[in-house]
Amino acid sequence: MYLTRFRFNTARSEARRLLGSPQRLHGAVNMAFPDPPAREGDAPRVLWRLDRAPAGRIDLFISSPSRPDLTHLAEQAGWPSLGGEGWRTFDYGAFLDALRQDDVWAFRLTANPVHHIRRDTDAPGAPTKRAAHVTPRHQIGWLLKHQERAGFAVLGRPAADESAPAEMHYDVMVHDRTPMQFGKPSGAETGTSRPGRSRDGRAAKAPDVRLTRATFDGRLRITDLAAFRRTLTHGLGKAKAYGCGLMTLAPAR
């Protein structure tokens with residue numbers, strides 16, 4: 001496993017184009033590997049995430065089973081003169097092997113918190129529909145609901161107000177809560193399937209993708225080492241192709 005950090009040159013028009021479209025950035029990440037990354041099965045998958053830092057800096061993090069080659073990204077959206085130094089790749093496998101049960105870490109996770117609902121207007125017995133959690137309270141509740149199965153427990157903290165909601169008693173905050181809507185290429189554009197046709201004979205436009213991303217920062221304790229390693233290499237939640245699901249760790253302070 002490898003973990004890679006790439007810094008965008010936001011002064012370049014192609015960088016802004018990629019940053020404005022999770023679909024295009026997903027394609028650019030896939031192009032970093034000679035063979036198409038697997039999306040199904042039990043093998044670790046390619047995950048990515050955008051991190052925004054002070055002074056307008058934007059970093060792309062990629063977790064992958066094989067080492068990526070980001071030459072194309074450096075040429076289009078980075079600093080080509082730096083060559084291979086335009087990004088850094090770390091041996092993530094050695095880090096994962098060194099993790100231990102009950103370790104405490106600071107974490108960052110960008111995810112797509114969703115739940116399934118049935119509206120009052122739906123017919124009895126109608127299937128539930130996926131809907132986004134949009135408030136910090138419900139987004140943190142989503143994370144707490146998934147933590148046990150994912151192999152970790154968010155650390156608790158005393159709340160200033162004992163009557164505060166339960167999620168305020170945990171050492172986690174949510175930010176960059178971003179609703180997104182963007183076009184998805186049709187089969188003709190991707191070459192993966194035969195596109196449909198509209199009544200006038202033109203290729204039918206693929207429906208837009210709609211999702212809400214949220215970034216969580218906090219501290220956790222590893223409770224199930226095997227499950228936690230799987231979380232780090234397979235991702236957590238939905239919309240992994242669009243920059244969600246990647247959790248990274250840092251020493252807890």
Please evaluate residues Leu99 and Leu249 with respect to the criterion side-chain contact (heavy atoms from CB on, under 4.5 Å), reporting the C-alpha separation (whole Å), side-chain torsions for both, the decisive distance (0.1 Å), and the verdict. CA-CA 11 Å; Leu99 294 175; Leu249 305 178; 4.2 Å; yes
State yes or no: do Phe228 and Leu144 share one hydrophobic cluster built from I, L, V, M, F, W and Y residues joined by side-chain heavy-atom distances below 4.5 Å, directly or via other members? yes
Please tell me if the side chains of Cys244 and Lys238 come closer than 4.5 Å, counting only heavy atoms from C-beta onward. no
To the nearest 0.5 Å, how far apart are CD in Glu14 and CZ in Arg17? 5.0 Å
Could you go through Leu19 and Thr10, starting from their C-alpha distance and side-chain angles, then the distance that decides it, and tell me whether this counts as side-chain contact (heavy atoms from CB on, under 4.5 Å)? CA-CA 9 Å; Leu19 292 170; Thr10 54; 4.1 Å; yes
What about Ile140 and Leu109, same hydrophobic cluster or not, with Ile/Leu/Val/Met/Phe/Trp/Tyr joined at side-chain heavy-atom distances under 4.5 Å? yes
side-chain contact (heavy atoms from CB on, under 4.5 Å) assessment of Val172 paired with Asp217: CA-CA 6 Å; Val172 61; Asp217 288 338; over 6 Å; no
Examine Leu47 and Ile62 and state if one hydrophobic cluster contains both, with Ile, Leu, Val, Met, Phe, Trp and Tyr joined whenever side-chain heavy atoms are less than 4.5 Å apart. no
CG of Leu236 to CG of Leu143, rounded to nearest 0.5 Å, is 7.0 Å
Rounding to 0.5 Å, atoms CZ (Phe61) and CG (Leu246) come to a distance of 8.5 Å
Inter-residue atom distance Asp102.CG - Arg221.CZ, 0.5 Å rounding: 6.5 Å
Got a second to check how far Ser63's OG is from His234's NE2, nearest 0.5 Å? 10.0 Å
If hydrophobic clusters are built from ILVMFWY residues whose side chains come within less than 4.5 Å, do Leu232 and Leu225 share one? yes
Determine whether Val46 and Val29 make a side-chain contact, defined as any pair of heavy atoms from C-beta on separated by less than 4.5 Å. yes
If you round to the nearest 0.5 Å, how far is OG1 of Thr223 from CZ of Phe152? 8.5 Å
Closer than 4.0 angstrom, basic N to acidic O: yes or no for Arg57 and Asp59? yes
Looking at side-chain heavy atoms only, is the closest gap between Gln76 and Arg12 below 4.5 Å? no
Show the nearest heavy-atom pair for residues Ser64 and Pro68, with the distance to one decimal. OG-CD, 3.8 Å
Check for a donor-acceptor pair, side chain of Arg100 on one end and backbone N or O of Asp97 on the other, with a separation under 3.5 Å. yes
Note, Gln139 side chain near Thr212 side chain (heavy atom, < 4.5 Å): yes
Let's go through Trp87 and Tyr2 carefully: what are the C-alpha distance in whole Å and the side-chain angles of both, what is the deciding distance for ring-ring contact (aromatic ring centres under 6.0 Å, His included) to 0.1 Å, and is it a yes or a no? CA-CA 13 Å; Trp87 66 90; Tyr2 297 89; over 10 Å; no
State whether Asp51 and Arg49 are salt-bridged, where the test is any N-O pair (Lys NZ or Arg NE/NH1/NH2 against Asp/Glu carboxylate O) under 4.0 Å. yes
Heavy-atom side-chain proximity of Gln23 to Tyr242 below 4.5 angstrom: yes
Do Leu25 and Phe8 have side chains that get closer than 4.5 Å, going by heavy atoms? yes
Excluding sequence neighbours, so at least two apart, what forms ring-ring contact (aromatic ring centres under 6.0 Å, His included) with Phe107? none
When you look at Leu73 and Phe6, which way does the side-chain contact (heavy atoms from CB on, under 4.5 Å) test go after all the steps? CA-CA 9 Å; Leu73 265 182; Phe6 172 88; 3.9 Å; yes
Could you pull out all residues at least two apart from His146 that satisfy ring-ring contact (aromatic ring centres under 6.0 Å, His included)? Trp142
Quick one, Leu50 and Ile58 - any side-chain contact, counting heavy atoms below 4.5 Å? yes
For Asp171 and Gly218, indicate whether the former's side chain and the latter's backbone hold a donor-acceptor pair under 3.5 Å. no
Tell me whether Met247 is reachable from Met1 by hopping between hydrophobic residues (I, L, V, M, F, W, Y) whose side-chain heavy atoms are closer than 4.5 Å. yes
Should the heavy atoms of other residues, nucleotides or ligands under 6.0 Å from CD of Glu148 be counted, would the total exceed 12? no
How would you list, by chain and number, every residue that makes a ring-ring contact (aromatic ring centres under 6.0 Å, His included) with Phe90, sequence neighbours excluded? none
Taking the side chain as every heavy atom from C-beta outward, state whether Trp79 and Arg7 have any pair of such atoms under 4.5 Å apart. yes
When the ring centroid of Phe33 is compared with that of Trp48, is the distance short of 6.0 Å? no
